[in-house]
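Here's the structure we're looking at; comments come further down.
Here is the naming used below: chain letters follow the sequence lines, and residue numbers restart at 1 for every chain.
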Protein chains: 2
Amino acid sequence: MPTIRDVARAAGVSTATVSAVVNGSAYVSPRLRTRVLSAVSALNYTPSLAAQTLKRGRSQLVALVVADLANPFFGRVVCAAEAAAAAWGYALVVCNSDEKPEKERRILGRIRTLSCDGVLVVPVGAAWPPEAEAMAVPTVQFGRVVEDGRSDSVSIDNVAAASQVTDYLLDLGHRRIGSITGPLHLTTGRGRLDGMLQAMRARGVAPCPGHVRSGEFREDAAYSVAREMLDRPGRPTALYVASGVMALGVMRAVTDLGLRCPDDISIASTDTIPGIGGLRPRLTRTEHPVADMVNEALRLLVDRMTRDAQASPRHVVFRPAMILGDSCGPAERAVAGAAP
Amino acid sequence: MPTIRDVARAAGVSTATVSAVVNGSAYVSPRLRTRVLSAVSALNYTPSLAAQTLKRGRSQLVALVVADLANPFFGRVVCAAEAAAAAWGYALVVCNSDEKPEKERRILGRIRTLSCDGVLVVPVGAAWPPEAEAMAVPTVQFGRVVEDGRSDSVSIDNVAAASQVTDYLLDLGHRRIGSITGPLHLTTGRGRLDGMLQAMRARGVAPCPGHVRSGEFREDAAYSVAREMLDRPGRPTALYVASGVMALGVMRAVTDLGLRCPDDISIASTDTIPGIGGLRPRLTRTEHPVADMVNEALRLLVDRMTRDAQASPRHVVFRPAMILGDSCGPAERAVAGAAP
DNA sequence: CAAATCTGGCAAAACGGTTAGGCGCCGCTC
DNA sequence: GAGCGGCGCCTAACCGTTTTGCCAGATTTG
């Protein structure tokens with residue numbers, strides 16, 4: 001790998017001049033400029049980012065820490081983040097905390113040594129790890145929010161999303177509505193459950209205790225919870241499911257139990273996953289503008305990295321859109337079949 | 001951020017000693033060792049990777065360049081690669097070439113300036129870009145293979161996979177078998193088509209010209225090709241589809257055309273996507289051991305990075321496994337319905 | 001015409017680590 | 001007790017950039 005010194009020697013100038021030409025940071029006479037540029041392309045020179053990082057204190061690296069890379073939802077996040085980071089001229093380092101706070105801590109440490117300029121993180125725990133607190137890297141939380149009094153955040157209005165979906169089920173006449181939501185220490189878990197309960201309460205409908213369940217945001221977890229809930233008498237006539245992957249698991253459970261959707265049970269979810277459009281029946285759900293959210297998150301991050309790192313935290317909340325499929329039907333039919 | 005000098009001052013030793021303690025690269029007396037370690041944790045010191053990179057010439061960075069991040073298949077690749085890279089102690093930089101050779105070139109240049117220690121790449125073009133040739137970074141090609149006489153590669157036996165699937169359809173009695181495969185300048189496109197044709201030829205079955213189609217590895221592309229192919233008289237009784245996302249698109253087209261699978265048409269594919277298990281009918285397909293393949297690719301890459309960069313290229317080919325679903329039926333039923 | 005100003009380019013000092021080489025000091029040998 | 005290794009630590013050079021002075025020459029100014 002040729003260095004700036006090789007280029008300087010080849011062009012018969014100093015390294016300062018080469019640097020000035022390459023970065024356009026100072027005026028250089030046309031004569032020297034062309035000499036330098038031809039030496040650059042002759043040697044196929046590229047400045048070393050490591051050296052630049054050392055000198056400038058900026059690495060042009062942004063880290064993305066997701067909670068579960070195997071979840072297609074986060075696949076979309078990675079995809080959008082890569083595009084946004086590239087557009088801003090940053091390279092994206094992807095890490096997977098796998099829903100484990102301890103792994104998240106290790107990763108945040110590593111990010112510090114990598115001297116990333118910023119971090120986009122889907123936090124895993126209920127609280128922000130103290131050592132991350134100390135790490136003075138601009139941070140934007142994505143999707144989930146844990147208060148730390150410093151980071152920006154970009155999230156969806158979980159309560160609104162869930163109550164919107166629940167309202168829809170209530171409108172269809174359902175009263176025995178079950179729910180499978182995510183871990184309650186996460187805002188995406190707690191908030192969606194609250195939204196659902198809130199909508200029920202607003203109509204004076206009391207949820208049946210055994211029908212309100214929560215588990216991990218995973219296909220298999222949702223499958224087994226659904227299977228258990230639906231396999232006993234007095235099963236709900238409608239089910240609110242908190243996420244796209246979970247809905248997939250629930251659908252599978254429904255099929256495996258020999259139930260038909262929406263005839264025997266209505267299913268609706270907040271959030272979705274790519275490719276779910278091919279699934280029949282088409283899922284009634286909310287769609288979250290992941291790409292827009294990621295773009296906004298990167299905008300906030302870049303702003304904080306390049307402008308004011310000390311600005312007071314900003315919290316952007318997006319609103320979901322409801323998409324009607326055909327996975328929900330009127331309550332009457334289902335009630336008959338589900339009666340104990 | 002505290003530097004090694006701060007630690008040295010706090011512990012009353014030289015930077016060399018701090019370095020020796022932190023890296024365990026030389027013997028240091030217990031007394032000083034503890035002094036250094038407590039200074040390290042008191043200051044919360046982490047060595048700067050940029051400085052280490054500069055000095056050691058290794059960045060502990062591995063780049064992954066995928067052809068289409070939006071494709072869930074590559075989502076799995078990213079997931080597996082992150083895990084493998086982390087296990088080897090590397091951070092993963094993810095880039096998306098978006099099937100554009102020009103973008104791939106830009107990315108490879110960027111990787112050079114990042115001084116990544118190695119690259120895992122899903123090549124986009126029919127040939128290896130010359131400037132990438134020049135870039136002396138250890139490279140492993142993943143999935144697709146373009147000869148460059150230098151990189152290792154890890155791929156699946158596309159021909160075997162496709163002919164296995166086609167054989168299955170032939171065994172069911174199908175003769176009018178259509179195919180939707182990927183771009184023919186890619187080994188994953190060409191190879192799978194060849195495998196399919198080979199299997200047909202071996203049974204003396206001539207494919208109907210209009211039924212052999214290829215397009216991009218995308219859901220919407222497959223949807224429109226399938227829709228067009230299936231909407232005219234004399235449609236095939238069975239369809240071989242080259243990839244999981246494409247199968248999703250084909251399934252959607254089948255449903256939208258009011259056809260039933262497998263009653264009206266049998267569908268089988270090579271490769272799959274996560275979550276397809278929830279789809280009904282269950283797709284008959286091959287499964288590719290993506291995680292194993294990625295692990296092997298990283299093993300090769302690490303080997304080349306840490307041992308012999310000049311070793312002659314190794315090409316590892318994996319074999320797919322066939323998974324029987326219920327998306328295929330005997331030919332008789334379908335033939336009746338599809339007759340012109 | 002001397003002095004002041006400007007201009008384009010260079011030398012050298014960082015940035016934060018690693019590491020080769022050197023140098024006391026201790027204990028051993030004869 | 002002088003000579004001698006070896007141990008334990010330090011000094012300093014170096015990795016490839018950026019950037020701050022600074023300098024020589026050209027140009028303008030009084």
Side-chain angles (χ1 to χ4, degrees), chain A residues 1-37 39-40 43-61 109-117 135-137, chain B residues 1-37 39-40 43-61 109-117 135-137:
Chain A
M1 287 276 289
T3 76
I4 199 173
R5 258 177 276 274
D6 298 326
V7 176
R9 202 172 312 126
V13 299
S14 76
T15 62
T17 306
V18 177
S19 177
V21 168
V22 170
N23 298 306
S25 52
Y27 181 81
V28 176
S29 69
R31 254 174 52 81
L32 289 200
R33 161 186 302 282
T34 50
R35 285 231 306 269
V36 168
L37 287 179
V40 163
L43 297 177
N44 192 18
Y45 164 76
T46 318
S48 146
L49 209 87
Q52 286 186 337
T53 300
L54 191 56
K55 187 61 192 175
R56 295 186 177 160
R58 285 170 294 125
S59 63
Q60 301 289 89
L61 245 41
R110 184 147 190 80
I111 284 172
R112 214 171 69 113
T113 88
L114 272 171
S115 58
C116 290
D117 294 342
M135 165 183 98
V137 180
Chain B
M1 287 274 289
T3 76
I4 200 173
R5 261 174 269 271
D6 298 327
V7 176
R9 201 173 312 125
V13 299
S14 76
T15 63
T17 305
V18 177
S19 177
V21 169
V22 170
N23 298 306
S25 54
Y27 180 81
V28 175
S29 70
R31 254 174 53 80
L32 287 200
R33 161 185 303 282
T34 50
R35 285 230 307 269
V36 168
L37 288 179
V40 163
L43 296 177
N44 192 18
Y45 165 75
T46 316
S48 145
L49 209 87
Q52 292 193 135
T53 299
L54 192 55
K55 185 61 190 176
R56 300 192 189 168
R58 286 169 294 127
S59 63
Q60 301 289 87
L61 245 42
R110 183 147 190 79
I111 284 172
R112 211 170 71 114
T113 88
L114 272 171
S115 59
C116 291
D117 295 341
M135 165 183 98
V137 180

### Task
Tell me whether the OP1 or OP2 atom of dC9(D) has a side-chain N or O from T17(B) closer than 4.0 Å.
no

Counting distance only, does the side-chain N/O of [X] pair as donor-acceptor with the main-chain N or O of [Y] below 3.5 Å?
| X | Y | answer |
| --- | --- | --- |
| T46(B) | T113(A) | no |
| S115(A) | R112(A) | no |
| S19(A) | T15(A) | no |

Check the distance between [N]'s [atom2] and [X]'s [atom1] and give it to me in whole angstrom.
| X | N | atom1 | atom2 | answer |
| --- | --- | --- | --- | --- |
| M1(A) | dG16(D) | CE | P | 9 Å |
| Q60(A) | dG16(D) | CD | P | 20 Å |
| R56(A) | dA13(C) | CZ | P | 22 Å |
| R9(B) | dC10(D) | CZ | P | 14 Å |
| R112(A) | dG17(C) | CZ | C1' | 15 Å |
| D6(B) | dG16(C) | CG | C1' | 10 Å |
| Y27(B) | dG6(D) | OH | P | 17 Å |
| I4(A) | dT19(D) | CD1 | P | 11 Å |

Looking at the side chain of [X], which of [options] is the nearest nucleotide?
| X | options | answer |
| --- | --- | --- |
| Q52(B) | dG8(D), dG17(C), dG16(C) | dG17(C) |
| K55(A) | dG16(C), dT18(D), dG9(C) | dT18(D) |
| A16(A) | dT19(D), dC15(D), dA20(C) | dT19(D) |
| A51(B) | dG17(C), dA11(C), dT17(D) | dG17(C) |
| P47(B) | dA11(C), dG16(C), dG17(C) | dG17(C) |
| T3(A) | dG16(D), dC10(D), dC10(C) | dG16(D) |
| S19(B) | dC10(D), dT18(C), dG16(D) | dT18(C) |

### Message
Using every non-hydrogen atom in the two residues, find where V28(B) and A20(B) come nearest and quote the distance to one decimal.
### Response
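V28(B) and A20(B) have their closest heavy atoms at CG2-CB, 3.9 Å.
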
#### Entry: Heavy-atom closest pair, residues V22(B) and V40(B)
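Scanning both residues completely, I find the closest heavy atoms to be CG2-CG2, 4.4 Å.
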
Flag side-chain contact, heavy atom, 4.5 Å: [X] against [Y]:
| X | Y | result |
| --- | --- | --- |
| L37(A) | V21(A) | yes |
| T53(A) | L49(B) | no |
| V36(B) | R33(B) | no |

Heavy atoms under 4.0 Å, any strand shown: does [X] hit a base, just sugar-phosphate, or nothing?
| X | result |
| --- | --- |
| R5(B) | base |
| S115(A) | nothing |
| V18(B) | nothing |
| T113(B) | nothing |

### Query
For DNA chain C, what residues of residues 28-37 of chain B have any heavy atom nearer than 4.0 Å?
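Close to the strand, none.
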
### Query
Which sits closer to the 5' end of DNA chain D, S14(B) or T15(A), going by the nucleotide each is nearest to?
S14(B)

